[in-house]
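Structure first, then comments.
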Amino acid sequence: MKRRERTRHLIELGGLVVKAGLVDLTDDDRATIYGAFLAVADRLRGEERGNALALWQRKGKRAFEAEIAAK
């Protein structure tokens with residue numbers, strides 16, 4: 001991945017953190033946000049990986065669709 005593409009990718013991922021409300025809900029506590037990500041990663045390494053991915057994907061798609069519909 002080229003540097004410019006990587007930078008854009010990282011900015012987009014950071015935008016999702018903000019969009020999900022994690023920055024406000026944690027008072028911008030980086031350790032808390034990182035810990036939450038580690039908990040998600042642990043779950044994805046476990047037996048419930050498929051169920052977690054399916055649930056989170058549905059929830060994310062619905063949120064994106066609701067955002068588009070609200071515009």
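Under a hydrophobic clustering in which Ile, Leu, Val, Met, Phe, Trp and Tyr are joined whenever their side-chain heavy atoms come within less than 4.5 Å, directly or via other members, V18 and L22 fall into the same cluster.
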Please table the atom pairs, donor to acceptor, closer than 3.5 Å between any side-chain atom in residues 57-71 and protein atoms at least two apart or in another chain.
unit_1: E67; atom_1: OE1; unit_2: K19; atom_2: NZ; d: 2.9
unit_1: E67; atom_1: OE2; unit_2: K19; atom_2: NZ; d: 3.0

Would you tabulate the side-chain donor-acceptor contacts of residues 5-15 under 3.5 Å, counting partners in other chains and residues two or more places apart, or write 'none'?
unit_1: T7; atom_1: OG1; unit_2: R3; atom_2: O; d: 2.9
unit_1: R8; atom_1: NE; unit_2: E12; atom_2: OE2; d: 3.0

(request) Begin with the C-alpha distance, continue with both residues' side-chain angles, and end with the deciding distance and a verdict on side-chain contact (heavy atoms from CB on, under 4.5 Å) for T26 and Y34. (result) CA-CA 11 Å; T26 63; Y34 185 42; over 6 Å; no
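Within the 3.5 Å criterion, the main-chain N or O of D29 finds no donor-acceptor partner in the side chain of D27.
The shortest heavy-atom contact between L44 and A52 is CD2-CB, 4.4 Å.
Note that the CD atom of E48 and the CG atom of L53 stand 11.0 Å from one another [nearest 0.5 Å].
Residues N51 and W56 fail the side-chain proximity criterion, which asks for heavy atoms closer than 4.5 Å.
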